[in-house]
Amino acid sequence: MKIQILETAEIGLRWMKRYFISNPQLDSLGAFHNYNSAKKLLKEHPYTGEKYEDHNEVRELNISKTAFSILYTFNLDTIYIIDIRDQRGNRSSEALRKYTTELRKKYDL
């Protein structure tokens with residue numbers, strides 16, 4: 001499977017990078033290694049993540065040793081990353097709204 005990062009995930013990915021860079025006491029290299037490991041796991045096992053709240057087609061996979069997770073959906077050959085979610089807040093609601101109103105049509109999901 002291939003991975004496609006949707007435009008809704010760009011804000012979350014930037015926030016995760018900024019968070020780890022601005023907190024030098026945290027292991028930013030380890031966090032981004034774990035992010036890449038999570039993406040690899042998704043490629044091999046797309047059903048790994050738990051269903052996310054009441055969105056039956058959206059799944060969430062925690063990024064090990066971080067407060068972040070990957071919200072995603074998939075079809076036969078592609079995993080679509082909807083958001084990189086900071087689990088300490090509710091910022092993903094806008095990404096999910098855009099996913100349900102626009103991106104499902106755009107990507108034929």
Side-chain angles (χ1 to χ4, degrees):
M1 294 191 101
K2 64 182 177 179
I3 290 186
Q4 182 169 348
I5 298 175
L6 300 178
E7 51 268 28
T8 51
E10 293 172 7
I11 294 170
L13 189 53
R14 280 196 308 263
W15 165 241
M16 185 174 132
K17 287 179 182 178
R18 191 172 347 130
Y19 175 78
F20 281 100
I21 290 171
S22 65
N23 290 287
Q25 73 277 15
L26 300 176
D27 181 11
S28 61
L29 290 177
F32 289 104
H33 171 77
N34 293 341
Y35 167 70
N36 288 323
S37 294
K39 289 193 314 183
K40 182 180 178 188
L41 178 62
L42 287 179
K43 282 182 172 183
E44 297 169 2
H45 305 284
Y47 287 97
T48 294
E50 299 288 325
K51 288 186 179 178
Y52 183 71
E53 295 180 354
D54 59 347
H55 299 274
N56 289 331
E57 72 283 358
V58 177
R59 294 182 167 266
E60 179 177 34
L61 178 66
N62 292 329
I63 301 171
S64 179
K65 299 180 183 177
T66 74
F68 294 87
S69 62
I70 298 172
L71 293 182
Y72 69 98
T73 192
F74 59 94
N75 62 20
L76 295 175
D77 66 346
T78 306
I79 294 169
Y80 298 91
I81 295 180
I82 299 167
D83 197 14
I84 305 303
R85 184 171 94 81
D86 186 337
Q87 298 173 13
R88 300 166 296 179
N90 294 321
R91 194 200 54 75
S92 291
S93 61
E94 180 62 22
L96 287 168
R97 185 199 60 75
K98 188 169 183 177
Y99 165 73
T100 57
T101 60
E102 299 173 27
L103 298 178
R104 288 204 318 215
K105 287 181 189 175
K106 181 176 179 179
Y107 294 98
D108 195 28
L109 298 170

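Positions are given from 1 along the sequence.
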* To do: Quickly, which of Phe74, Tyr107, Tyr72 forms a ring pair (Phe, Tyr, Trp, His ring centres under 6.0 Å) with Tyr80? Name it, please.
  => Tyr107
* To do: Determine whether Ile21 and Met16 fall in the same hydrophobic cluster, where Ile, Leu, Val, Met, Phe, Trp and Tyr are linked whenever their side-chain heavy atoms lie under 4.5 Å apart.
  => no
* Applying the 4.5 Å side-chain criterion to the ILVMFWY set and letting contacts propagate, would Ile81 and Tyr47 be lumped into a single cluster? -> yes
* Asked: Which heavy atom in Ala38 sits nearest to a heavy atom in Ile70, and how many Å separate them?
  -> CB-CD1, 3.9 Å
* Asked: Any side-chain heavy-atom pair from Ile82 and Thr8 closer than 4.5 angstrom?
  -> yes
* Asked: Quick one: does Glu7's side chain get under 4.5 Å of Glu102's, heavy atoms only?
  -> no
* Would you confirm whether Asp83, through its side chain, and Leu71, through its main-chain N or O, come within 3.5 Å as a donor-acceptor pair? => no
* Between Asn62 and Gln87, which heavy-atom pair has the shortest distance, and what is it? -> OD1-NE2, 2.6 Å
* Measure across Met1 and Leu76 and return the closest heavy-atom pair with its distance rounded to 0.1 Å. => CE-O, 3.5 Å
* To do: Using a 4.5 Å cut-off on heavy atoms from C-beta on, say whether the side chain of Ile63 contacts that of Leu61.
  => no
* How far does OG of Ser69 sit from CD1 of Ile84, to the nearest 0.5 angstrom? -> 8.0 Å
* To do: Report the residue from Asp27, Thr66, Leu29 that forms a side-chain contact (heavy atoms from CB on, under 4.5 Å) with Phe20.
  => Thr66
* ring pair (Phe, Tyr, Trp, His ring centres under 6.0 Å) with Tyr19: which residues, sequence neighbours excluded? -> Trp15, Phe68
* Pairs where residues 44-69 contributes a residue and the test salt bridge (Lys or Arg N to Asp or Glu O under 4.0 Å) is met, not counting sequence neighbours -> Glu57-Arg104, Glu60-Arg85
* Could you tell me the separation between the NZ atom of Lys39 and the CD1 atom of Ile5, rounded to the nearest 0.5 Å? => 4.5 Å
